[in-house]
Structures are given as structure tokens and as C-alpha cells.
Protein chains: 2
Amino acid sequence: MGIAERKEKEKKEMRSLILDTAMRLFLEKGFEKVTLRGIAEEIEYSPATIYLYFKDKNDILFALHTEGFERFYRHQQTIRTIKDPWKRLRKHAQAYMSFALENPEYYDLMFIMRGPGEKIKADREWGAGMRSYDFLKQNIQDCMEAGYLPREDLDVAAFAIWSFTHGMASLIIRQRCGMIPKEAIPAVVNAAVDFMIEARKKQKQ
Amino acid sequence: MGIAERKEKEKKEMRSLILDTAMRLFLEKGFEKVTLRGIAEEIEYSPATIYLYFKDKNDILFALHTEGFERFYRHQQTIRTIKDPWKRLRKHAQAYMSFALENPEYYDLMFIMRGPGEKIKADREWGAGMRSYDFLKQNIQDCMEAGYLPREDLDVAAFAIWSFTHGMASLIIRQRCGMIPKEAIPAVVNAAVDFMIEARKKQKQ
DNA sequence: CCCATGACTAACCAGTGTTAAGTTGATGAA
DNA sequence: TTCATCAACTTAACACTGGTTAGTCATGGG
């Protein structure tokens, strides 16, 4: 089975070569500026070759989309081990931001870009996103139960916190923060998390 | 001067007809999906006619961009009359959100879309945005001075609050809130503002 | 009657997604 | 060793779309 096996591997490699290149072009050119011909040229194959590995252009964006949520979820899981719910929530926000800032292309695709086909809503695409959202909600609930946060509407709290981190991430990624010098951004983000979340901590009674 | 005057008026009307139509198409089709041919068809003129009123496509986006910041600033000014800084800050957030939700096309263009020509940064484009940002900062400072907020870093506080509202606005506009039923959105937004801002209020000592 | 102005027609040109048809080189049976 | 097969890959084209412009025409003020 050596040969079939090797071919299988090569096929996978080609797929991820295309995927990686597409993602890199996203980063560089942004937008729908990613073109099949562009990808093809970059990997030094003909445009038609790509169709041997992907159904069409959307299929590529789709694959990147799911891949993004996969990475995102894995990235979040690093905070699982933190015992104290409050510390965990804070790290949660930090992890969110570090994912966004270290993977701006993925973040953009997942949370900012007008979707490749807006119809895919109830699909397992959303499922992957939901998994992460539920993880956040669980974390907030733990904080409420531990007395760190007043027992308010869980959905509202989750939406508020998510909005806050997403707001920072998308302002930075879409370059609306001209007033903040680039090198100061991580510090400002951290301070903002303090301002918004840390300062909201209720002393355990 | 009757004739020249009338022609002047007609020219202005045509300009804003094009602008309005372009903006409406933005709303409907979104994206860079706005095409000169599309606008032309909509206003029932030939594509070439548009070039009599605008240099090129970017010129149109540009005009919409400035128009957007103009409206935005005017919208914000309605809260000027509120005396109590804390009430004013809360209304500020609400006004931000109502602008965003009532003018999603403008909001998208101004704060989310990858800019039509990213280079225009230090320009008066940014100036118009800055004016609104400074207004927010002033409001926050008033709250600090009135003892409603602890005297922390003003820039951090402004960035945090802006991020929060922008996060809500952009999640909603770019339809990442599948978990919230459409009709519940205004209420959730309000509750989130309470959660994030209202609850952060420090009693005057 | 002249011609400036506003508008239109028609086309150009550069892309873009996509596909049909051909080429080639390795694979594996005869 | 030979050679049909087949998958990978390419070429070339199709069918569009979109921004843009050159050339043309009608109308109405002077």
C-alpha cells in the first residue's frame, strides 16, 4: 500500500498548500481580492489544478472557515486547567485577543468578513462557533456561581463581553485605531480588559 | 442668474441621487458589490453619465464616507444638552448604537469595511472621526471629574468603551448574532450597555 | 443658426470563475 | 520490456463582469 499511501499524503499536502497560500493572500491583499489565478500563480500551478482539489472558490473559503474555528477552539482550550473562575475569565479574554491578533486573517474571515455564502447559518459552521460561545457562557456562569459576578442574565453578560473583545479585535484588524501607536496596542488591550472586566469584579461575600 | 442657478441645483440633485442610490445598493448587496453599472441602471442613466458627476468609483465611496462621518457627528450632538455627565455617557452609548443600527450601511463603510484606499489616514477623513472620538473622551473625563468613574487612563477608558459599542454594532451588522432573535436585539443591546457601563458606576463620594 | 452641455452608445481592456480537451509521465499487467 | 491506463496537470478558451473612455447626438440657451 506504499504507493496509494504516498499519493494520499501528496493529495493532502497539495490541499493544505492551496489552503495556506489562499490564507496568506488573504492576509496580504485582503478581501475578495483572493483570486484563483492569484493562488495558482503563487503555488506555481495552473488555475485549473485547483479544481482537482476543491469544488470551487467558495469551497476554499469554506475550508478555511472551518479550519479557523477549529484553531480558535483549540486555542481557547489552553485555559481549561485554570481552577479559579475569575482568573479563567480574564485569561479567556486574553486568549481571545491573542488569537485575534496572532491570526488576523482567520479572525477576519470568521468574525468580520461578509460570509462566503451568508446562508450557512444553522450548519455545523455555526456549530463550531457555538461550541466556543458556550464555553464562554459556562465560564461566566462559573463566575456568577462563585460570587464573582452578580447573577444577571447570562446571555446578556456573554454578549456584552464578547462584543467588547470582538470590538477591540476588529478595530485593530481593520485599522481604525490610528490614535494608538502600533507598539502600544498589546498594553492598551490589556489595560482595557482591566478597565472593562477586572474592575467589574465583585468581592466574594 | 436664474438658469445657472437652476442648473447648479440640478447638478447637486443628480449628485445626491447617485450617492443615495449607491448607498442603498450598499445596504442591499453589500460589499464591493456596488457597481457603477448597477448604480446607473438603478437611476436609469447610462454608466458614463456618472463620470460627469464623479471622478471615479472611489470618489463616490469617498463622498459617502465623509457624508457618513458628518451624519454621525450630528447624531451624537443630540446628547450635548444633557447636564449630568453619567446620564450623558449612557445616552452616548445608546446614541452610538442607534446610529449604527439605523444606518448600517454608513456604519459598515465607516468602521468595518476595508477602506476605499487605506492610505487616507491622516487626512480630514480621520479628522471627522477624531472629532467624534474626542467628544467621547471629553464625556468620559467629565464622568471622572464628577466622581462617577475612577480616574484611570482616559485613553484606555475611551478605547474600551468604544470597542464595546463597536463590537456590538459590528457583530449585529455582520450577522454574527444568530443566537439572538432579531426582535430581541434592541433589548439585549440595552441590557448589555447596563451590564458593561451602568454597573460600572461608582457612587459619588 | 451656432454650439455648449448633458446624455448615450459602443467599445476597450483587464480580470475572474470555470470547464472542456489535450498532454504527459508514472504504474502495473502482459 | 512493452504498452494501455489513469491520474495529475496544462492549455486555451468561454462567458461574464466592471471600470473607463472615445465618439456621437439631441436640445435648448444665446
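Source: prediction; values computed, not measured. Letters A, B, ... are given to chains in the order of the sequence lines, protein chains preceding strands, and every chain is numbered from 1.
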Practice problem: Give a yes or no on this: more than 12 heavy atoms of other residues, nucleotides or ligands lie within 6.0 Å of atom CD of E10(A). | Solution: yes
Quiz item: Could you give the CG-to-P distance, from L52(A) to dA20(C), as a whole number of Å?
Solution: 13 Å
Quiz item: Between dT18(C) atom C1' and K57(A) atom NZ, what is the distance in whole Å?
Solution: 12 Å
Practice problem: Return the value, rounded to whole Å, for the distance between atom CD of E13(B) and atom P of dA7(C). | Solution: 12 Å
Quiz prompt | Smallest separation among heavy atoms of A40(A) and I50(A), with atom names | solution = N-CD1, 3.9 Å
Exercise. Look at all strands and tell whether Y53(B) reaches a base, only sugar-phosphate, or nothing, counting heavy atoms closer than 4.0 Å.
Key: sugar-phosphate
Exercise. Please report, rounded to the nearest Å, how far the C1' atom of dA14(C) is from the NZ atom of K33(A).
Key: 13 Å
Quiz item: So, R71(B) and E67(B), do they make that salt bridge, N to O below 4.0 Å?
Solution: yes
Self-check item: dC9(D) phosphate, OP1 or OP2, under 4.0 Å from Y51(A) side-chain N/O
Solution: no
Exercise. Nearest whole angstrom, please: distance from the P of dG19(D) to the NZ of K55(B).
Key: 14 Å
Quiz item: Which listed nucleotide (dC9(D), dG19(D), dT10(D)) is nearest to the side chain of M14(A)?
Solution: dC9(D)
Exercise. Among Y96(A), F99(A), F26(A), find the one that has a ring-ring contact (aromatic ring centres under 6.0 Å, His included) with Y107(A).
Key: Y96(A)
Quiz item: Are T49(A) and dT10(D) close enough that a side-chain N or O sits under 4.0 Å from OP1 or OP2?
Solution: yes
Self-check item: d(CZ, R37(B); P, dC8(C)) in whole Å
Solution: 14 Å
Practice problem: Grab the CZ-C1' distance between R15(B) and dG6(C) for me, whole Å please. | Solution: 17 Å
Quiz item: Over how many whole Å does the gap from N58(A) atom CG to dT16(C) atom P extend?
Solution: 16 Å
Quiz item: Quick one: is S46(A) getting a side-chain N or O under 4.0 Å of the dT10(D) phosphate, OP1 or OP2?
Solution: yes
Exercise. Tell me whether the OP1 or OP2 atom of dA8(D) has a side-chain N or O from Y45(A) closer than 4.0 Å.
Key: no
Self-check item: dA8(D) phosphate, OP1 or OP2, under 4.0 Å from K11(A) side-chain N/O
Solution: yes
Self-check item: Derivation and outcome, side chain to side chain contact (heavy atoms under 4.5 Å, CB included), residues F159(A) and F164(A)
Solution: CA-CA 9 Å; F159(A) 176 64; F164(A) 168 55; over 6 Å; no
Practice problem: Please state whether the phosphate of dT17(D), meaning OP1 or OP2, lies under 4.0 angstrom from any side-chain nitrogen or oxygen of T35(B). | Solution: no
